[in-house]
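Structure record follows, encoded as structure tokens.
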There are 2 protein chains.
Amino acid sequence: MSLRMALLGLLTISGPASGYDLTKLFESSINHAWQARHSQIYPELNKMSADGLVTVGEQGARGRKTYAVTEEGARLLREWLLAGEPSRLARHEESLRAFLVPALEPDEAVALLREQARGYDARLAELEALGEPKTLERGRRAEGFGRYALDLGLRHMRMMRDWARDTADEIERSSRSRP
Amino acid sequence: MSLRMALLGLLTISGPASGYDLTKLFESSINHAWQARHSQIYPELNKMSADGLVTVGEQGARGRKTYAVTEEGARLLREWLLAGEPSRLARHEESLRAFLVPALEPDEAVALLREQARGYDARLAELEALGEPKTLERGRRAEGFGRYALDLGLRHMRMMRDWARDTADEIERSSRSRP
DNA sequence: TGAATCATGTAAGGCGTTACATGATTAT
DNA sequence: ATAATCATGTAACGCCTTACATGATTCA
């Protein structure tokens with residue numbers, strides 16, 4: 001269901017697009033919260049079309065198909081977004097890794113956490129670059145769509161970086177005090 | 001692979017345990033980063049045993065089996081943790097929902113975000129209760145294992161709550177200025 | 001004694017990844 | 001001409017969820 005909603009949402013926010021466009025949109029925008037490859041997106045769009053959630057517009061060059069959200073699709077998305085179910089589906093391999101850090105020896109754990117912190121900093125820089133005017137030329141991104149999401153991504157990276165750094169500090173401190 | 005590592009990690013940190021124990025441990029500890037039901041855990045433990053990563057100890061009452069990590073299991077976990085692959089597998093339905101908020105009308109979006117912020121606050125309170133001495137009686141949790149993870153969980157909840165609140169504020173402000 | 005909890009399993013079907021496969025168009 | 005990019009699809013296999021299924025032990 002989530003993939004379906006993600007596609008409806010992307011089409012709603014960014015306007016009609018092809019499967020190819022949506023594949024790239026996934027990568028460039030929503031990637032830190034959800035992933036999908038073209039091999040999953042293309043069949044899903046076909047099913048959604050069969051279910052009346054999207055329509056296929058003009059068949060462009062190279063067999064390009066442009067999809068647009070129908071009224072029913074819009075209604076379904078709205079319902080899904082407003083449905084207050086907690087829906088705790090969350091799979092985050094990095095957090096899992098972080099969680100298992102105490103299974104390592106203290107010095108190994110510290111090294112790993114420091115490296116992770118560096119990684120988050122690098123990705124933070126990538127994301128920050130996306131927010132700068134220079135990168136915004138590709139359109140849309142600035143207004144509404146992407147604004148809040150980008151902000152969320154930035155906060156997430158900062159949070160993870162800080163946690164990794166603080167935890168490394170704490171492990172170092174406690175393993176120095178009783179070695 | 002992740003489930004396998006999660007199980008090895010939990011067994012390493014908390015000591016020998018049954019599939020039943022691990023199922024509950026999953027729920028009470030790692031839940032915000034990874035989920036697994038008993039129907040996935042039991043077969044996986046059997047496979048891991050066949051692969052020599054864990055051993056089955058004494059068969060207790062009610063057919064209870066107690067698993068322990070083997071040397072090979074420990075080695076595999078260590079390798080996996082230290083392997084620096086970025087591994088960006090992340091599926092977070094809540095972030096996805098948050099991301100799609102701009103697909104709603106401003107007033108609907110604000111209402112949704114406020115409700116989400118309340119939800120995060122509630123879960124934050126739950127997590128904070130876990131960190132208090134009273135709840136710690138069930139053992140282990142306090143030292144090492146759970147400490148860092150709990151901290152990460154708390155930071156995550158706070159981050160999400162703040163984002164939801166700030167974004168609601170921002171949408172409210174911008175829809176008031178040009179309605 | 002009956003309900004709750006402990007304890008383990010299997011099966012069907014859906015979701016997601018990797019790999020395979022093909023061809024058109026554009027830029028160098 | 002050649003490489004890069006655009007563009008869509010299918011198939012096999014693995015991971016995960018939901019539902020079905022069973023029985024032992026403990027507590028009130």
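Convention: sequence-line order gives letters A, B, ...; per-chain numbering from 1.
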Task: DNA chain C: 5'-proximal contact among A:Leu3 and B:Ser18 (nearest heavy atom) - done: B:Ser18
Task: Residue B:Gln59 excluded, over 12 heavy atoms near CD under 6.0 Å - done: yes
- [ ] Could you check how far CZ of B:Arg64 sits from C1' of C:dG9, rounded to whole Å?
- [x] 16 Å
TODO: Measure the distance from CG on B:Leu22 to C1' on C:dT8 and round it to the nearest whole Å.
DONE: 13 Å
Open item on the list: Given C:dT8, D:dT25, D:dG9, identify the nucleotide with an atom nearest to the side chain of B:Tyr20.
Closed with: C:dT8
TODO: Determine: side-chain N/O of A:Gln40 to OP1/OP2 of C:dC15, distance under 4.0 Å, yes or no.
DONE: no
Open item on the list: Reading DNA chain D from 5' onward, which residue's closest nucleotide shows up sooner: B:Ala61 or A:Pro43?
Closed with: A:Pro43
TODO: Pick base, sugar-phosphate or nothing for B:Arg4, based on heavy-atom distances below 4.0 Å to the nucleic acid.
DONE: nothing
Open item on the list: Quiz question: going by heavy-atom distance under 3.5 Å, is there a donor-acceptor pair between the base of D:dT18 and the side chain of B:Ser39?
Closed with: yes
Open item on the list: Using whole Å, what does the distance between atom C1' of nucleotide C:dG16 and atom CD1 of A:Ile30 come to?
Closed with: 16 Å
Open item on the list: Using ring centroids (six-membered ring only for Trp), state whether A:His92 and B:His156 fall under 6.0 Å.
Closed with: no
Open item on the list: Whole angstroms only, please: what is the NE2-P distance between B:His38 and C:dA7?
Closed with: 13 Å
Task: Listed nucleotide nearest any side-chain atom of A:Arg37, set D:dG9, C:dT18, D:dG23 - done: C:dT18
Task: Cation-pi, A:Trp163 ring and A:Arg158 (6.0 angstrom, 45 degrees) - done: no
Open item on the list: Would you say that B:Glu79 contacts B:Met5 through its side chain, given a criterion of any heavy-atom pair below 4.5 Å between the two side chains?
Closed with: no
Open item on the list: Using whole Å, what does the distance between atom P of nucleotide D:dA4 and atom NZ of A:Lys24 come to?
Closed with: 17 Å
TODO: Mind calculating the distance between OH (A:Tyr42) and P (D:dT10) to the nearest angstrom?
DONE: 12 Å
Open item on the list: If you count every heavy atom of other residues, nucleotides or ligands that lies below 6.0 Å from B:Arg91 atom CZ, does the total exceed 12?
Closed with: yes
Task: Rounded distance in Å - CD (A:Glu44) to C1' (C:dC15) - done: 9 Å
Open item on the list: Can you work out whether B:Arg91 or B:Thr66 has the more 5'-proximal nearest nucleotide on DNA chain C?
Closed with: B:Thr66
TODO: Find the distance A:Gln35:CD to C:dG16:C1' and express it as a whole number of Å.
DONE: 10 Å
